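Remarks on the structure that follows.
Owing to the predicted nature of the structure, the values given are computational and were not obtained by experimental measurement. By convention here, the first residue in the shown sequence is residue 1.
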Amino acid sequence: MEIIEGAGVWADPGAAGADWVEQFRTPDVSVGTYCIPAGGRDTQSPHAEDEIYVVTAGSAKIATPGRLDEVGPGAVIFVPAGEEHRFTEVTEDLTLLVVFGPAFGSRESGPQHPKSS
């Protein structure tokens, strides 16, 4: 058992505009936090791993090729590997607990989150 400190907690990304920090990793799963300030831009591209987002704070929309949905605290979002997705219209500082399976970046192909600080 492990308690994952800091996962899903807001951290100001500063000039970076968005921030991804991984807090836990095994070969099969990784957990981290993705923060986008109000008015900020999500520049990520599709990942090679399945992904679950849990909105812990803030408000935004998530856009995929076929959908545009508003999300806020408590929303749980599943994005399959390879699906284009982006958070838009971030109206309140957005904090996301992120779970990847298998671990983020473990599959050979697939773009990454914006560079973490």
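Not less than 6.0 angstrom separates the ring centroid of Tyr53 from the ring centroid of Trp20.
Evaluated for a side-chain contact (heavy atoms from CB on, under 4.5 Å) with Val55, the options Ile62, Thr95, Leu96 yield exactly one hit, Leu96.
Asp42 places no side-chain N or O within 3.5 Å of a backbone atom of Arg86 that could act as its donor or acceptor partner. Although no hydrogens or angles enter the test, the distance criterion places a donor-acceptor pair under 3.5 Å between the side chain of Glu49 and the main chain of Ser106. Within the 3.5 Å criterion, the main-chain N or O of Gly8 finds a donor-acceptor partner in the side chain of Thr33. No donor-acceptor distance shorter than 3.5 angstrom exists from the side chain of Arg107 to the backbone of Ala81, with no hydrogens or angles considered.
Under the side chain to side chain donor-acceptor pair (under 3.5 Å) criterion, Glu89 pairs with Lys61, sequence neighbours left out.
Contact annotation: the side chain of Thr64 never approaches that of Glu84 to less than 4.5 Å [non-hydrogen atoms, C-beta and beyond]. In this structure, Val71 and Phe87 have side chains that are in contact, with non-hydrogen atoms separated by less than 4.5 Å. Taking 4.5 Å as the limit, some side-chain heavy atom of Ile3 sits within range of a side-chain heavy atom of Glu5. Residues Gln23 and Val21 form a side-chain contact, since some pair of their non-hydrogen atoms from C-beta on lies under 4.5 Å apart.
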Discussion item. Is there a side chain to side chain contact (heavy atoms under 4.5 Å, CB included) between Glu22 and Phe100? Walk through the geometry before answering.
Written reply: CA-CA 10 Å; Glu22 185 176 79; Phe100 284 100; 5.9 Å; no
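Here the shortest heavy-atom pairing between Leu94 and Ala60 reads CD2-CB, 3.8 Å. Gly82 approaches Pro46 most closely through the heavy-atom pair O-CB, 3.6 Å. The two residues Trp10 and Cys35 come nearest to each other via the heavy atoms CZ3-CB, 3.5 Å.
For the residue pair Ser59 and Thr91, a side-chain donor N or O sits within less than 3.5 Å of a side-chain acceptor on the partner. Checking His85 against Glu51 by side-chain atom types alone, a donor-acceptor pair falls below 3.5 Å.
Using a 4.5 Å cut-off between side-chain heavy atoms of Ile, Leu, Val, Met, Phe, Trp and Tyr, Phe24 falls into a hydrophobic cluster with Ile4, Val29, Val31, Ile52, Val54, Val76, Phe78, Leu97, Val99.
Here the straight-line distance linking atom CG of Asp93 with atom CG of Asp12 works out to 7.5 Å at 0.5 Å rounding.
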